[in-house]
Amino acid sequence: MVGLMSGTSIDGIDVAIVDLWFEDGDLKYNLRGFSTVPIPIYLKNEILEICEQRGDIRQLCRLNFLLGELFADAVILALNAMEINVSEIDLIGSHGQTVCHFPYDTPPSTLQIGESSVIAQRTGIITISDFRPADMAAGGQGAPLVPLADHLLFSDVDKGRLLLNIGGIANLTILPAGRSSENICAFDTGPGNMLIDAATEYVSSGTEFFDLNGIRASKGVVNEKLLMSLLSHSYFRRKPPKSTGREEFGKKFFDKMIADSNCEKDSIVATFTELSARSISSALSLFANHSIDEIWVAGGGVHNSFLMERLRQLNSEVPVRSLIKLGLDPDAREAVSFAVLAIQTIWGKAGNIPEATGASGPVVLGKITLP
């Protein structure tokens, strides 16, 4: 199986090559390989034009096919690097690149691009894609979708676990002890790395695109006035099920908030880093529905040592660790999740958790494209 993921940060295409099988009724996995193919800056900027509604329909159409080519190339590159023959791969599960997500519109809608027909034709592998619309059609928000994979791979009989992903947007899955799929709580907490990256690019005049190890944030001082203004956003008080993206916390939001601020460069980065840490911790205190014994962190934010330390300080009663210590590369978690969702689709099994998305019930997700 291959899982493909390109997230809100639009910085790279994650490729996970993973074996999946059932053993004594439990889904088991073996990550055979993982790689990330960087998305060129010029292409990221084009995608952002669409996300920020500055592009046109022809550009969107072209990007859909171009990203299909890039996803296919990323798969072939990864297989060649590991000397794995394409005949050994049963399925590709491709999340695609989200360019718009409007779960609160009437009707709710979402769009992920990266044409699956191109992926299937170029690789010769059955490709499952477009996972979110089926959940939305059933009354859900189409997100988050990784909780089903979290449950199958990481739930524990004795311990309540929280799986936290800090990508462009941060999202969490609370898995109650006992391995039951009932009462799982999952939602987007708000911005993860997205606004930290925007702040870093802003203060560096476009020469840096992320705060390496949180060095800038560690040198700055949090501007409490700006922070309180950021935390006043209504999303943070909204009850789950809920999901968000660039539509709420993208460039327009950043530009508006930064225009009203008055603080030194590294303090801007420190303040947006604190926003991520506090909004995550606040979400736990407001909406966690079960006791949590462990917090496992994945996504790009796990590499920001300053942000990780703030999370440990704000959640001192619970150990906060990288998912690597649970046996999975934290950068691979979401790509592996979409490999899991793809196999659920082929088996005709539900890929959503209704309590997390708000859907009326379990539904089979994704569309199957034959080569």
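Sequence positions, counted from 1, serve as the residue numbers for this chain. Just so you know, these numbers use all the heavy atoms, side chains as well, and skip hydrogens, waters and symmetry mates. As the structure is a computational prediction, the values presented were derived from the model and not from experiment.
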Would you indicate whether the side-chain heavy atoms of L164 and L311 approach each other to under 4.5 Å? yes

In plain terms, say whether K242 and E248 are close enough for a salt bridge, that is, a side-chain N and a carboxylate O under 4.0 Å apart. no

Please report the closest heavy-atom contact between C100 and E247, naming both atoms and the distance. CA-OE2, 3.2 Å

Test item: E115 and L67 side chains (from C-beta on) under 4.5 Å apart, heavy atoms: no

Taking D293 first and then R161, would you say they form a salt bridge - that is, a charged N and a carboxylate O separated by under 4.0 Å? no

Contact check, side chains of V340 and L27, non-hydrogen atoms, under 4.5 Å: yes

Any donor and acceptor pair, going by atom type alone, linking the side chain of D329 with main-chain N or O of D331 inside 3.5 Å? yes

Quick check: do P371 and I126 have side-chain heavy atoms less than 4.5 Å from each other? yes

Check T369 against S117 and note the closest heavy-atom contact, atom names and distance. CG2-CA, 3.7 Å

For F187 and F287, take the angle between the two ring planes, folded into 0 to 90°, and tell me which bin it lands in: parallel under 30, tilted 30 to 60, perpendicular over 60. perpendicular

Note: R62-E69 ion pair, threshold 4.0 Å (strictly below): no

With distance as the sole criterion, is a donor-acceptor pair present between the side chains of E274 and S276 under 3.5 Å? no

Taking CD in E182 as the centre, count heavy atoms belonging to other residues, nucleotides or ligands within less than 6.0 Å. Is the count above 12? no

Evaluate whether atom OH of Y202 has more than 12 neighbouring non-hydrogen atoms of other residues, nucleotides or ligands under 6.0 angstrom away. no

Quick one: sort the F249 and H233 rings into parallel, tilted or perpendicular, breaks at 30° and 60°. tilted

Would you mind checking if D150 and R333 are paired as a salt bridge, meaning a charged N to carboxylate O distance below 4.0 Å? yes

For F210, is the NZ or CZ atom of R216 found under 6.0 angstrom from the centre of its six-membered ring and inside 45 degrees of the ring axis? no

Would you say that N45 contacts L48 through its side chain, given a criterion of any heavy-atom pair below 4.5 Å between the two side chains? yes

Answer yes when K159 and E294 have at least one side-chain N-carboxylate O distance shorter than 4.0 Å, and no when they do not. yes

Does a side-chain heavy-atom distance below 4.5 Å link R132 with L145? yes

In terms of the angle between their ring planes, are F22 and W347 parallel, tilted or perpendicular, with boundaries placed at 30° and 60°? tilted

